[in-house]
Amino acid sequence: MPHPIIFDTDPGVDDAQAIAIALRHPDIELLGMTTTYGNVDVETATHNALLLAELAGREIPVAQGAAAPMVKPRHPAPAHIHGANGLGNIELPAVRGRPDPRSAAQFIVDTVNARPGEVTLMAVGPVGNLAAALQLDPAIIDKVKQVVIMGGSVREGGNVTPVAEANMFNDPDAAARVLTAGWPLTLVGLDVTHRCVLTPAHMARIEAGQGALGEVLAGSYAFYRDFYYEFLGIDGCCPHDSCALAWLLRPELFITSRGHLTVAMSGDAEGQTIFAPEGRAFIEARWSRTPLVDVCLGVDGKAVSDWIADTLA
Ligand code: BDR
Ligand code: CA
């Protein structure tokens with residue numbers, strides 16, 4: 001049985017790779033995409049989500065969501081990483097489709113309520129849409145099947161600050177709410193995504209296998225790859241957002257640990273995810289106050305990267 005999912009995203013080069021998997025994989029039933037600012041502004045995110053679905057020949061609802069963080073001012077979009085258009089500044093075809101008239105939060109609430117116990121919420125951008133959906137209808141906590149979030153870092157350190165990962169840093173207030181809501185949640189963060197490298201050889205296979213969609217994936221990858229070479233000294237890119245789908249479909253490739261998660265909302269540690277393993281007593285009891293979640297701490301990075309390429313080749 002395929003997994004029914006809502007994919008919450010800020011496309012974004014690595015988001016686009018993940019969207020392609022969600023659109024193509026037979027074990028995924030993509031119920032809709034919800035968009036957020038993050039790698040780009042939210043209008044561009046919506047445009048890109050619609051475009052990627054059209055290039056794959058799919059009609060998928062796309063509901064636009066958060067344009068800014070819940071509380072703090074918005075950080076500038078990282079145009080040097082994803083390009084000003086989110087897809088490596090390559091020329092893009094026109095989009096024909098229109099977004100769903102509902103807000104992302106309303107779309108999430110309606111879809112989860114229509115299929116209680118079935119829907120996986122997968123978020124690979126700042127998580128304001130999930131926070132807004134919780135505000136709209138807190139009862140979805142008991143109705144989602146699970147929540148999978150690409151974000152955070154436990155041992156790896158951050159990619160925006162020494163301790164904060166981008167999706168958490170972009171809206172730490174929303175992240176604190178979503179990560180401690182008490183729903184079944186798995187965090188797929190930099191501890192695993194930095195172990196995965198999508199190489200030029202992988203991308204050549206993807207380009208050859210994906211027609212017009214493959215051209216956009218390969219063109220945007222070329223831009224993103226330059227950033228990774230400068231930033232991490234690797235030839236390729238970390239396919240962060242695809243790792244969340246890999247966890248869903250190939251969990252045996254990951255090592256997870258259960259524990260309590262909190263998010264620092266201000267100060268130098270803003271956006272840091274802090275993990276207290278289950279059963280480990282701390283003198284300060286407050287570190288065990290949040291509901292238990294699962295955090296990915298280990299991965300077979302080569303197998304995940306090969307799986308991404310095999311899925312799209
Ligand atoms: C995350 O931040 C974004 O730039 C990527 O799309 C990914 O979701 C990685 O830190
Ligand atoms: Ca993303």
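Atoms within a ligand are numbered from 1 in the order they appear, just like the ligands themselves. For the single chain, residues carry numbers from 1 onward in sequence order. These values consider heavy atoms only, across backbone and side chains, with no hydrogens, waters or symmetry-generated copies.
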Met150: numbered ligand 1 atoms lying under 4.0 Å from its heavy atoms:
1 (C), 7 (C), 8 (O), 9 (C)

Please identify which atoms of ligand 1 are closer than 4.0 Å to at least one heavy atom of Ala166.
2 (O), 10 (O)

Among His240, Glu165, Gln17, the residue with a heavy atom nearest to atom 1 (C) of ligand 1 is Glu165

Distance alone, cut at 3.5 Å: any donor-acceptor contact between the side chains of Asp10 and Thr36?
no

Heavy-atom count around Phe231 CZ within 6.0 Å, excluding the residue itself: above 12?
yes

Quick one: does Tyr224 get an N or O within less than 3.5 Å of an N or O on ligand 1?
no

Answer with side chain, backbone, both or neither: which part of Asp15 has a heavy atom less than 4.0 angstrom from an atom of ligand 1?
side chain

Looking only at heavy atoms, the pair that brings Ala68 and Arg74 closest together is CA-CD, 4.3 Å

What protein heavy atom is closest to atom 6 (O) of ligand 1, reported as residue, atom name and distance in Å?
Asp14 OD1, 2.6 Å

Non-hydrogen side-chain atoms of Lys145 and Val119 separated by less than 4.5 Å:
no

Just to confirm my output: which protein heavy-atom neighbour is closest to atom 3 (C) of ligand 1, and how far is it?
Asn39 OD1, 3.2 Å

With backbone taken as N, CA, C and O and side chain as the heavy atoms from C-beta onward, which portion of Thr193 lies under 4.0 Å from ligand 1: side chain, backbone, both, or neither?
neither

Tell me the closest heavy-atom pair linking Val304 and Ala246, and the distance in Å.
CG1-CB, 3.8 Å

Assess the residue pair Arg225 and Asp235 against the criterion (salt bridge (charged side-chain N to carboxylate O under 4.0 Å, His left out)); give the C-alpha distance rounded to whole Å, side-chain angles, the decisive distance to 0.1 Å, and a yes or no.
CA-CA 7 Å; Arg225 180 181 167 191; Asp235 188 15; 2.8 Å; yes

Name of the Asp10 atom (N/O/S only) found closest to the Ca ion (ligand 2):
OD1

Minimal non-hydrogen separation, Leu179 against Val293, with atom names:
O-CG1, 3.9 Å

Looking only at non-hydrogen atoms, find the nearest pair between Tyr224 and Cys237 and report the distance.
CD2-CB, 3.5 Å

For atom 7 (C) of ligand 1, which protein heavy atom lies nearest, and how many Å away is it?
Asp241 OD1, 3.2 Å

Min N/O separation Val124 to ligand 1 under 3.5 Å:
yes

Evaluate the side-chain proximity of Leu121 to Trp183: yes if any heavy-atom separation is below 4.5 Å, no if none is.
yes

Metal check, the Ca ion (ligand 2) vs Gly125 N/O/S, cut-off below 3.0 Å:
no

Would you say Asp14 has an N, O or S atom lying under 3.0 Å from the Ca ion (ligand 2)?
no

Would Asp10 count as a polar contact of ligand 1, with the cut-off being nitrogen or oxygen pairs under 3.5 Å?
no

Rounded to 10°, the OD1/Asp15 to the Ca ion (ligand 2) to OD2/Asp241 angle comes out at 70°

